[in-house]
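For the numbers below, each heavy atom of this structure counts, side chains included, while hydrogens, waters and symmetry mates do not. Because the structure is predicted, anything quoted here is derived from the model rather than measured.
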Amino acid sequence: MKIAVSACLVGKNTKYDGNNNYNKAVMEYLKDKEYILICPEVTGGLPTPRVPSERVNDKVINKENIDVTHNFVIGASKTIEELKKQNIELVIVKSKSPSCGYKQIYDGSFTGTIIEGNGVFTELAVKNGLKILTEKDIENKKFAD
């Protein structure tokens with residue numbers, strides 16, 4: 001099975017604050033698998049570091065109240081195109097992210113409040129039939145090989 005994984009989870013400094021979300025459980029899961037790295041936010045033209053953003057309904061607004069939806073949509077679309085070309089079947093994403101969050105995202109208030117929903121990329125990935133797991137699923141072994 002071909003896998004794509006959020007670059008921040010394998011230690012690449014693509015997170016909004018210029019750091020990463022290295023995850024030992026994800027690395028262990030990937031150790032004998034073929035995978036590619038993705039970061040739809042960077043693919044959409046956003047810099048690293050960047051002002052934090054959260055999803056508010058169909059928009060993505062950064063903490064300076066600037067609408068960055070276009071960057072998120074472009075990044076999601078370009079990433080999906082690449083995943084299709086490479087026949088990716090599974091995507092491991094960063095939970096709660098405005099781009100990659102799956103089933104739960106931050107509510108747009110920048111207070112750490114979680115709501116039900118998907119990030120912009122993950123929403124498109126689901127519509128395209130890709131299987132999605134978060135690092136939490138991997139940590140909790142909620143997956144089938």
Are any of the side-chain heavy atoms of [X] and [Y] separated by less than 4.5 Å?
{"X": "Thr48", "Y": "Lys15", "result": "no"}
{"X": "Pro98", "Y": "Ile105", "result": "no"}
{"X": "Ile38", "Y": "Leu83", "result": "yes"}
{"X": "Val42", "Y": "Arg50", "result": "yes"}
{"X": "Tyr35", "Y": "Leu90", "result": "no"}
{"X": "Lys85", "Y": "Glu82", "result": "yes"}
{"X": "Ile92", "Y": "Asn23", "result": "no"}
{"X": "Val91", "Y": "Phe121", "result": "yes"}

Distance-minimising heavy-atom pair for [X] and [Y]:
{"X": "Pro49", "Y": "Asp17", "answer": "CB-C, 3.7 Å"}
{"X": "Pro40", "Y": "Thr79", "answer": "CA-OG1, 3.6 Å"}
{"X": "Lys96", "Y": "Tyr106", "answer": "O-CD1, 3.3 Å"}
{"X": "Val56", "Y": "Gly108", "answer": "CG2-CA, 3.7 Å"}

Could you tell me the separation between the [atom1] atom of [X] and the [atom2] atom of [Y], rounded to the nearest 0.5 Å?
{"X": "Ile115", "Y": "Gln104", "atom1": "CD1", "atom2": "CD", "answer": "10.0 Å"}
{"X": "Asn57", "Y": "Thr69", "atom1": "CG", "atom2": "OG1", "answer": "10.5 Å"}
{"X": "Asn19", "Y": "Asn13", "atom1": "CG", "atom2": "CG", "answer": "6.0 Å"}
{"X": "Glu81", "Y": "Asn128", "atom1": "CD", "atom2": "CG", "answer": "10.0 Å"}
{"X": "Lys94", "Y": "Asn21", "atom1": "NZ", "atom2": "CG", "answer": "4.5 Å"}
{"X": "Ser6", "Y": "Glu41", "atom1": "OG", "atom2": "CD", "answer": "9.0 Å"}

Same cluster for [X] and [Y] if Ile/Leu/Val/Met/Phe/Trp/Tyr side chains link at under 4.5 Å?
{"X": "Val68", "Y": "Val73", "result": "yes"}
{"X": "Leu30", "Y": "Met1", "result": "yes"}
{"X": "Ile74", "Y": "Phe72", "result": "no"}
{"X": "Met27", "Y": "Tyr29", "result": "yes"}
{"X": "Ile132", "Y": "Leu124", "result": "yes"}

Using only atom types and a distance under 3.5 Å, with no angle test, would you say the side chain of Asn118 pairs donor to acceptor with the backbone of Lys103?
yes
So, Thr122 side chain and Cys100 main chain: donor-acceptor pair closer than 3.5 Å or not?
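It does hold such a pair.
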Show the numbers, then the answer: is there a side chain to side chain donor-acceptor pair (under 3.5 Å) between Thr111 and Thr113?
CA-CA 5 Å; Thr111 60; Thr113 304; 2.8 Å; yes
Partner of Ser95 by side-chain hydrogen bond (donor to acceptor under 3.5 Å, both in side chains), out of Lys136, Glu139, Glu135
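Looking at Lys136, Glu139, Glu135, the match for Ser95 under the side-chain hydrogen bond (donor to acceptor under 3.5 Å, both in side chains) is Glu135.
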NZ/Lys2: more than 12 non-hydrogen atoms of other groups inside 6.0 Å
yes
Counting only heavy atoms not in Asn140, do more than 12 sit closer than 6.0 Å to its CG atom?
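Result for CG/Asn140: enclosed.
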Which is it for Leu37 and Val5 under the side chain to side chain contact (heavy atoms under 4.5 Å, CB included) test, yes or no, and what are the steps along the way?
CA-CA 5 Å; Leu37 302 181; Val5 61; 3.4 Å; yes
Considering residues at least two apart in sequence or located in another chain, which fulfil the side-chain hydrogen bond (donor to acceptor under 3.5 Å, both in side chains) criterion with Glu28?
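So Glu28 forms a side-chain hydrogen bond (donor to acceptor under 3.5 Å, both in side chains) with Lys31.
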Pair Arg55 + Glu123, salt bridge at N-O below 4.0 Å
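Yes, Arg55 and Glu123 are salt-bridged.
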Begin from the C-alpha positions of Tyr102 and Val126 and carry the test side chain to side chain contact (heavy atoms under 4.5 Å, CB included) through to its verdict.
CA-CA 9 Å; Tyr102 183 51; Val126 168; 4.0 Å; yes
